[in-house]
Q: 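Before we start, here is the structure in question, set down as structure tokens.
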Amino acid sequence: SISYVERAQVANKLYADAYITLHAGFSEDETVQGVNTICQTSENAYNAGIYKECHALAKAIMDGLVNSTGAAEQKVKETDKMSGLNWCQVPMTYVEMGYLSNANEDRMLSADSYQQKLAVGIADGLDAFFADEEE
């Protein structure tokens, strides 16, 4: 039980190749569904220098999730208002795997079979990210 800042500091200290945090979203609109990822903006005051890597990581993981789960794809969201993003000095993304406010996605997120698809999608996204990094 540590803060997002402390988690980012651990990733920094370990010189992590990638750092992801997993979340389930919520919306007042119960019909909202799908997966999305979040990274900082290219103007972030703290780590704009790694924006391209963070955006590429976010996009690769979202693509992997969509391919693995068939979930609706949302865009890569960008914000500078999340402490974990601002403190991170290694490629990082928040992954929202679905919406608990959507009854269907809430049920799917609880199912082992869907969780396996999410894990495969994230792993595939990481593989794609690292393959692109090597080129």
Side-chain angles (χ1 to χ4, degrees):
S1 165
I2 62 174
S3 73
Y4 288 118
V5 171
E6 291 169 315
R7 293 173 193 193
Q9 290 171 331
V10 168
N12 296 340
K13 183 177 179 182
L14 295 174
Y15 302 102
D17 293 325
Y19 169 52
I20 61 173
T21 64
L22 307 178
H23 303 268
F26 181 85
S27 174
E28 295 294 327
D29 179 353
E30 296 174 355
T31 65
V32 173
Q33 62 182 351
V35 295
N36 67 69
T37 52
I38 305 168
C39 71
Q40 80 276 34
T41 71
S42 60
E43 292 85 29
N44 187 288
Y46 306 102
N47 59 9
I50 60 168
Y51 165 78
K52 282 186 177 183
E53 293 89 350
C54 293
H55 192 275
L57 175 64
K59 179 70 172 128
I61 290 178
M62 185 164 49
D63 290 347
L65 285 169
V66 169
N67 291 336
S68 177
T69 66
E73 177 179 354
Q74 297 183 357
K75 64 180 183 174
V76 173
K77 296 179 181 178
E78 297 181 4
T79 183
D80 293 331
K81 296 181 179 181
M82 299 176 84
S83 58
L85 291 173
N86 292 337
W87 280 82
C88 212
Q89 299 299 316
V90 300
M92 189 269 190
T93 186
Y94 281 76
V95 177
E96 291 194 348
M97 301 175 292
Y99 286 81
L100 297 176
S101 50
N102 180 295
N104 185 49
E105 283 197 345
D106 187 20
R107 278 189 299 280
M108 290 189 325
L109 287 165
S110 297
D112 289 343
S113 59
Y114 192 72
Q115 291 174 10
Q116 181 65 31
K117 289 178 182 180
L118 290 166
V120 167
I122 292 167
D124 288 349
L126 285 167
D127 286 345
F129 171 73
F130 291 124
D132 287 345
E133 290 267 302
E134 291 176 1
E135 292 178 0

Q: Report yes if some heavy atom in the side chain of Ile20 is under 4.5 Å from a heavy atom in the side chain of Ile61; otherwise report no.
A: yes
Q: With heavy-atom distances below 4.5 Å as the criterion, would you say the side chains of Asn104 and Met108 are in contact?
A: yes
Q: Decide yes or no for Val90 and Glu53: does some side-chain heavy atom of the first lie under 4.5 Å from some side-chain heavy atom of the second?
A: no
Q: Any side-chain heavy atom of Gln40 sitting closer than 4.5 Å to one from Ile50?
A: yes
Q: Evaluate the side-chain contact (heavy atoms from CB on, under 4.5 Å) criterion for residues Lys59 and Asp63: first the C-alpha distance (whole Å), next the side-chain angles of each, then the deciding distance (0.1 Å), finally the verdict.
A: CA-CA 6 Å; Lys59 179 70 172 128; Asp63 290 347; 2.8 Å; yes
Q: Taking side chain as C-beta onward, heavy atoms only, is Tyr114 less than 4.5 Å from Arg107?
A: no
Q: Shortest non-hydrogen contact from Ser42 to Ala48?
A: O-CB, 3.2 Å
Q: Mark yes or no for whether Ser101, through its side chain, and Ser27, through its backbone, hold a donor-acceptor pair below 3.5 Å.
A: yes
Q: Under 4.5 Å between side-chain heavy atoms, hopping through other hydrophobics if needed: is there a path connecting Met97 to Leu126?
A: yes
Q: Check whether Asn47 reaches the backbone of Cys88 with its side chain - one donor and one acceptor, N or O, closer than 3.5 Å.
A: yes
Q: Which pair of non-hydrogen atoms, one from Gly34 and one from Glu105, has the smallest distance, and what is that distance?
A: N-OE2, 2.6 Å
Q: Rounded to the nearest 0.5 Å, how far does OH of Tyr46 lie from CG of Leu85?
A: 12.5 Å
Q: So which heavy atom on Tyr51 is nearest to which on Cys39, and how close?
A: CE1-SG, 4.2 Å
Q: If you look at every heavy atom in Phe129 and Ala56, which pair is closest and at what distance?
A: CD1-C, 4.0 Å
Q: So which heavy atom on Met62 is nearest to which on Lys75, and how close?
A: CE-C, 3.7 Å
Q: Looking at Asn44 and Asn86, would you say the former's side chain and the latter's main chain have a donor-acceptor pair under 3.5 Å?
A: no
Q: Under 6.0 Å from the CD atom of Glu30, do we count more than 12 heavy atoms belonging to anything else shown?
A: no
Q: Under a 4.5 Å cut-off applied to non-hydrogen side-chain atoms, are Leu118 and Leu22 in contact?
A: no
Q: Which pair of non-hydrogen atoms, one from Lys81 and one from Thr79, has the smallest distance, and what is that distance?
A: N-OG1, 3.1 Å
Q: Hey, are the side chains of Thr93 and Cys54 touching, using non-hydrogen atoms and a 4.5 Å cut-off?
A: no
Q: Just wondering, are more than 12 heavy atoms of other shown residues or ligands nearer than 6.0 Å to CZ in Phe130?
A: yes
Q: State yes or no: do Leu109 and Val66 share one hydrophobic cluster built from I, L, V, M, F, W and Y residues joined by side-chain heavy-atom distances below 4.5 Å, directly or via other members?
A: yes
Q: Atom CG in Asp124, atom NZ in Lys117: separation rounded to 0.5 Å?
A: 13.5 Å
Q: How about Val120 and Thr69: do any of their side-chain heavy atoms sit closer than 4.5 Å?
A: no
Q: Are Ile122 and Val35 co-members of a hydrophobic cluster defined by side-chain heavy atoms under 4.5 Å apart?
A: yes
Q: How long is the straight-line distance from OH of Tyr4 back to CD1 of Ile2, given to the nearest 0.5 Å?
A: 11.0 Å
Q: Please lay out, stage by stage, how Tyr99 and Asn36 fare under the test side-chain contact (heavy atoms from CB on, under 4.5 Å).
A: CA-CA 10 Å; Tyr99 286 81; Asn36 67 69; 3.1 Å; yes
Q: Check the hydrophobic clustering (I, L, V, M, F, W, Y; side-chain heavy atoms under 4.5 Å; chains of links allowed) and say if Val76 and Ile38 are grouped together.
A: no
Q: Cluster question for you: counting only ILVMFWY and a side-chain heavy-atom cut-off of under 4.5 Å, with indirect links fine, are Val32 and Leu100 together?
A: no
Q: Between Gln74 (side chain) and Thr37 (backbone), is there a donor-acceptor pair under 3.5 Å?
A: no
